[in-house]
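In what follows, a structure is listed as structure tokens, so that the remarks can point back to it.
Proteins come first, then strands; the chains are lettered A, B, ... in the order of their sequence lines, and each starts at number 1.
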Amino acid sequence: MKCDCGHTNPHGAQLCERCGKPLTTELDMRYDGAVIRSKTKKKTLIDKIWALFANVKFGVLLIVLTLIAASLGTILPQVLFVDTSTFASPKEAYTQTYGVFGTIYYTIGFADLYNSWWFQTLVLALAASIVIASIDRGVPLFKALFNQRVTKHDNFLKRQRFTLKVPSEQLTLEEAARVLTTKRYRVRLEDNALLAEKGRFARFGPYINHVGLLIFLSGVMLRLVPGFYVDEELWVREGDTTAIPGAAGYFVENKAFILETYDGERVENAVNSVAKKYETKAVIYKGDTLAGDTANLQELKQASIQVNHPAKFDGYALYQMDYRLDELKTMTFQLTEKKSGKSLGDVTIDLANPQQRYALKNGARVELAGYYPDFDGFDADGAPQTKSPNPNNPAFLFNMYTAETKQGETSFVQIQKTSEPLGETAYKMVFKSADTRDITGLKVRKDVTMPILIVGGIIFMLGVIIGSYMSHRRIWIKQTPEAYLLAAHANKAGYAFKKELADITEKLALPSFDDKREKEGDNDAS
Amino acid sequence: MLLSISSTLLFTAFICYLVATLLFGGAVHGKKEQEKRSHLRFSKAAIVVSIIGFTANVGYFVTRWLYTGHAPVSNMFEFTTAFGMCVVGAFLILYALYRVPSLGLIALPVAIIIIAYASMFPREVAPLIPALKSYWLTIHVLTTVIGEAILAISAFSGLIYLLKVIDVSKRSMERFWLEFILYTLVVVIGFVAITSYFNAIGYEASYTYVDKEGESAAITYHTPALIGMHQYDAQTTDAFEPLVEVPAWINAKKLTTVIWSLLAGTVLYGALRILLRRRLAAVLQPFVQKTTLPLLDEISYRSVLIGFPVFTLGALIFAMIWAQEAWSRMWGWDPKEVWALITWLYYAAFLHVRLSRGWEGKRSAWLAVLGFAIIMFNLIAVNLIIAGLHSYAE
């Protein structure tokens with residue numbers, strides 16, 4: 001493209017490289033008339049891909065697609081939040097609860113939308129678009145901004161939104177420079193021209209926030225690398241010390257679990273009273289154990305773990321997530337002669353660690369022939385079954401030996417029920433008392449990527465603030481033989497800038513700037 | 001004592017906003033040059049009353065905070081009221097920057113509707129559950145609400161732009177949707193009216209039903225049950241017989257409320273149309289003629305520029321920090337989180353789309369209005385309809 005001055009400019013240039021005269025009817029001040037790669041090179045496939053990702057409209061399309069996709073995932077709860085344990089399959093859960101729509105929703109993969117390959121591809125494409133568009137526009141823009149000429153072409157000045165022409169005798173550049181300096185402009189004088197500028201840093205805002213966003217996204221992706229990210233759950237009974245999963249060499253002891261409600265009562269599920277506090281009084285240890293021997297553990301710290309107040313140690317954090325109240329800890333039975341009701345002594349069974357035999361006075365003893373912590377009926381052969389190792393519904397098969405019954409008698413004891421499978425017995429085990437304890441549900445987290453996320457977040461936020469709250473303002477003055485040409489440009493908040501311009505022209509005793517948009521008036525811009 | 005002062009202050013604010021709306025009406029009606037001095041007097045009075053109202057509103061907030069011991073943003077009533085208050089605050093900021101009285105003519109009535117809507121929810125002071133007991137509740141919620149309120153001003157400016165630019169005498173899609181926006185506002189008033197009416201007569205009807213898990217549950221309607229819960233059974237004698245029964249995963253009580261609001265809103269809208277003999281948009285048009293379109297466009301864009309960083313900080317960054325402390329993960333794709341992200345993406349798209357030519361002016365105004373719809377959806381619908389960790393509202 002050849003300018004009137006004789007200089008040949010590269011294709012796509014909006015301003016002549018030599019004289020600065022606008023070459024096109026459109027002057028794009030967003031990039032200061034710089035040559036944008038994606039708008040000029042469109043030959044090879046790479047150019048085309050580059051141009052596509054550098055296209056802001058394509059970027060907006062990706063944002064909108066991500067937004068729509070994200071909203072689709074909220075129509076029904078994600079599979080993560082659905083209790084599928086009572087159904088044959090997760091799909092079954094959606095069908096049963098939401099009907100045909102649920103089936104379709106699950107089948108097309110919307111039930112786990114945010115982990116789907118296509119959603120993540122969309123986010124990656126968005127990231128690529130941010131990188132490419134920023135380089136494509138940012139580099140030429142900053143080149144243009146750092147190599148600004150003070151003397152601009154007359155046509156360049158006339159194209160600006162705010163313009164003013166004043167006779168030579170009404171103004172001197174020195175006077176203008178003085179007033180503009182008091183308005184905190186950086187003023188450059190050159191030949192017979194003046195450039196006053198402030199807030200150029202505002203133009204960096206979008207690029208800074210894009211960098212922050214990319215750092216943040218890379219932090220999120222690093223979490224997929226093993227070791228960078230630990231997320232495990234553990235249940236600890238009161239009084240127990242348990243190895244912390246995902247944190248080798250660390251142990252936690254549950255000294256006590258506390259549930260407080262606002263009316264002071266401790267209620268299972270707290271139906272009518274509002275919970276006030278969930279707390280685990282814990283001790284964290286470090287060290288090695290050999291087969292459950294916790295003797296040589298070193299205490300690291302005592303901690304109170306509460307909702308909103310996790311315990312932190314060595315890069316790990318323990319969160320209060322869940323609890324179960326009143327799990328049976330011990331049960332005490334009394335060996336009693338049925339006829340007389342005479343007691344031969346108590347047997348206390350530690351349900352987590354039951355003994356094989358319990359000796360009583362006068363040579364009597366009780367043997368625990370079978371223990372079924374979560375009794376669930378009998379199988380086809382008549383053998384008792386247990387559903388789980390948790391003492392939710394304990395049942396015991398006792399052999400009772402006394403001076404009178406040396407051969408022993410067998411009794412099967414459940415909660416509130418006793419049966420005698422091998423014939424009637426003279427003695428029985430009478431339930432006397434039970435001790436309970438609470439279990440706390442903790443979550444352990446370690447997140448090495450956290451510093452990356454924090455840095456990314458801070459840079460992003462700074463970029464957004466710079467880009468949103470600062471504006472780049474420039475005023476050009478050029479002396480021509482017959483008059484001074486003034487022009488002004490702000491990259492945003494034109495009306496606020498206008499007020500400042502009015503103030504400046506008033507101080508210089510000049511008429512106010514013409515505003516091209518004012519003239520457009522009520523003609524809708526679109 | 002403190003609580004009754006608090007209520008009185010809120011009511012004072014409510015009345016002030018009503019008066020200020022009328023005064024702003026006086027400040028913008030007509031376009032004649034000779035009315036200029038009267039306009040100036042009206043806007044001065046309007047802004048003074050608005051500031052008094054806002055001060056009373058802040059007074060409500062502070063006294064309730066003192067009484068409850070935590071920032072009053074912990075349930076639907078408190079949260080929505082805070083949003084109404086921040087809308088007025090955001091309007092005052094933008095008014096200080098641009099001095100456009102017609103903005104008040106939209107912002108204040110919307111704030112009034114929001115506060116009236118909020119008052120339909122239980123106003124009792126409830127103690128905080130452990131998950132909410134954190135200073136992040138104050139920081140996260142307040143920042144988010146302020147951000148959303150500033151973003152809302154963008155929609156108000158956009159609405160004025162549309163009222164001004166769209167020719168309501170000709171049939172068009174634009175005219176339809178513009179009228180639809182005003183209709184939605186009337187529906188919210190319909191909700192307030194119908195809820196207040198049934199509250200006043202003390203309507204109550206109990207039903208038992210079978211819930212999603214197949215278990216028996218009970219529910220009490222405060223409006224006649226148009227829609228019945230799954231396998232409902234009336235417990236109150238001569239209770240209204242529901243017209244339809246829904247599957248277990250739909251909450252028929254909420255659906256009933258929505259239908260009642262639509263009915264009341266439509267009747268109200270119809271009455272207004274008959275009374276005024278014009279479309280509501282046509283009624284409002286004479287009030288928005290004074291401001292120029294480029295200025296409205298700038299206000300709309302500028303409010304997004306001011307509000308976006310605040311919203312980002314509150315709804316994403318502070319939210320993530322708190323989620324990390326309370327739920328052990330900064331992000332969990334909870335519906336409320338997703339909708340905050342959607343809102344954020346939407347405004348990010350809004351800011352980028354303005355870089356393209358031809359997306360200023362009318363198109364931008366439509367986008368700003370749609371943004372407000374998304375905010376309101378997130379504020380209200382997500383809490384009420386979509387269950388999740390944030391649903392502390394009934």
Which atoms of [X] are under 4.5 Å from chain B, going by heavy atoms: the side chain, the backbone, both sets, or neither?
X: Lys276(A); result: both
X: Leu76(A); result: side chain
X: Ala496(A); result: both
X: Tyr98(A); result: both
X: Ile454(A); result: neither
X: Phe216(A); result: side chain

Which bit of [X] comes within less than 4.5 Å of chain A, counting heavy atoms only: side chain, backbone, both or neither?
X: Ile317(B); result: side chain
X: Glu325(B); result: both
X: Trp136(B); result: neither

Per-residue tally against chain B (heavy atom, under 4.5 Å) across Thr97(A), Val444(A), Asp447(A), Asp231(A) peaks at Thr97(A)
**Prompt:** Is a side-chain N or O of Tyr278(A) found less than 3.5 angstrom from the main chain of Pro130(B), in a donor-acceptor match?
**Reply:**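 Judged by distance alone, no pair lies under 3.5 Å.
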Legend entry - Exam field: side chain Lys492(A) to backbone Leu305(B), donor-acceptor pair closer than 3.5 Å: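 Absent.
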Relative to chain A, which of [options] shows the most heavy atom pairs under 4.5 Å?
options: Ser328(B), Ser364(B), Pro127(B); answer: Ser328(B)
options: Leu313(B), Leu351(B), Leu316(B), Val304(B); answer: Leu313(B)
options: Pro309(B), Ala349(B), Ser134(B); answer: Pro309(B)

Hey, could you give me the [atom1]/[atom2] distance between [X] and [Y], rounded to the nearest 0.5 Å?
X: Leu345(B); Y: Ser71(A); atom1: CG; atom2: OG; result: 10.5 Å
X: Arg445(A); Y: Gln324(B); atom1: CZ; atom2: CD; result: 7.0 Å
X: Ile342(B); Y: Thr74(A); atom1: CD1; atom2: OG1; result: 5.5 Å
X: Leu67(A); Y: Trp339(B); atom1: CG; atom2: CH2; result: 7.5 Å

Worksheet item: Can Thr312(B) and Phe460(A) be said to form a side chain to side chain contact (heavy atoms under 4.5 Å, CB included), step by step?
Response: CA-CA 10 Å; Thr312(B) 309; Phe460(A) 171 75; 3.4 Å; yes
- Looking only at heavy atoms, which of residues 304-312 of chain A get nearer than 4.5 Å to chain B?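 When heavy atoms of chain B are the reference, residues 304-312 of chain A contributes Val307(A), Asn308(A), His309(A), Pro310(A), Lys312(A) within the under-4.5 Å range.
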**Study point:** Where His352(B) and Val56(A) come nearest, the two heavy atoms and their spacing
**Key:**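 Taking every non-hydrogen atom into account, O-CG1, 3.6 Å.
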Check your understanding: In this structure, are over 12 heavy atoms from other groups packed under 6.0 Å from Tyr135(B) atom OH?
Key -> no
Notebook entry, point to check: Hey, what's the ring geometry for Tyr495(A) with Tyr98(B), parallel, tilted or perpendicular (30° and 60° as the breaks)?
Noted result: perpendicular
Fit a plane to each ring of Trp333(B) and Phe119(A), take the angle between them on a 0 to 90° scale, and name the class: parallel (under 30°), tilted (30 to 60°) or perpendicular (over 60°). perpendicular
